[in-house]
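Before any comments, here is the structure.
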Amino acid sequence: MATVSMSWSLPTINNSSPSHLRRPNRLHSVMTSASLKKEISGVGVRVTEGQGNLPKVVLSSPHGSGGAPHCFPQFGPGPIQQHGFARNMNWSVVDSDDVEGNPVVTLELKDGPYSRSMWDFSFQAIYKAAVTGASVRGLRGCKTLNKDPDPKNPLVGKEERDVVTFPGFVDCVYLEAPDELLLDNGLGDKISIKNSNWTDAVLWNPYLQMEACYKDFVCVENAKIEKVQVDPEQSWTATQLLSLV
Ligand SMILES: O=P(O)(O)OC[C@H]1O[C@@H](O)[C@H](O)[C@@H](O)[C@@H]1O
């Protein structure tokens, strides 16, 4: 999943312009996610193969509305296309980078005959998309029972990563997990998952086993894998506290 930030570089429109075209330079940002390693889509972004085997970044939704489109140079209905023309045009890739394993792509849109026919101004819009996924911190060093490929015979291992990601199917038990995990949902939110008494944790993403919905969630579960025996008159309590950090 990904963080997309948009920096607009717009011409200053003087006050003699028609009022519907007057707008200040502004910064605007949205969040979304995906991975460039293979064709994949996340919230608002799809990375696919374009011409010449080059990656093609699609920021519109397959449903027409939604996605991470640019509403430029107009929001909503008005004298030109609904939400402006920028979301309906092909942007050029002007730069690409790899930041700690995450692809960062810079896209550019400039005025041309098509845009000038609707909006007779010079402009340059820059869209920088850093594509990252949901991830979990805090599990390094835990003993793992990996239920992939065989849930009935989990593979015993040890988590070596500081940041655990969900590149595909994930179903793994973490024994003796810490009291706090940090989930980055890939949409710009960092979620602290604190617990008491849940000794273990489970990460799960069904990937293609639930193709219709796996992109909408990852599971970070507190768990107690060993039996808890509660004698008569006794109780056992475990808590989970979720908070945005
Ligand atoms: O389909 P269910 O019963 O809700 O379970 C969903 C998943 O729940 C997770 O907790 C398990 O680790 C997975 O193995 C399981 O598939």
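If you're wondering where the values come from, they're calculated on a predicted model, not measured in any experiment. Computation of the quantities below employed the complete heavy-atom set of this structure, encompassing side-chain atoms and omitting hydrogens, waters and symmetry-equivalent molecules. Remember, it's 1-based here, ligands and their atoms both numbered in the order they're listed.
Protein heavy atoms all stay at least 4.0 Å away from atom 4 (O) of ligand 1. For atom 16 (O) of ligand 1, the nearest protein heavy atom lies closer than 4.0 Å.
If you check each of Asp148, Val170, Asp171, Val202 against atom 14 (O) of ligand 1, the one with the closest non-hydrogen atom is Asp171.
Closest to atom 6 (C) of ligand 1 among all protein heavy atoms lies Trp204 CH2, 3.4 Å. Nearest non-hydrogen protein atom to atom 10 (O) of ligand 1 is Glu221 OE1, 2.7 Å.
Within 6.0 Å of CG in Asn90 there are 12 or fewer heavy atoms belonging to other residues, nucleotides or ligands. Sparse packing is recorded around NZ of Lys110, with 12 or fewer heavy atoms of other residues, nucleotides or ligands lying under 6.0 Å away.
The backbone N or O of Asp189 sits less than 3.5 Å from a side-chain atom of Asn185, completing a donor-acceptor pair.
A salt bridge is defined here as a Lys NZ or Arg NE, NH1 or NH2 lying under 4.0 Å from an Asp or Glu carboxylate O, and Glu159 with Arg161 meets this definition.
Taking the ring centroids of Phe166 and Trp204, they lie at or beyond the 6.0 Å cut-off.
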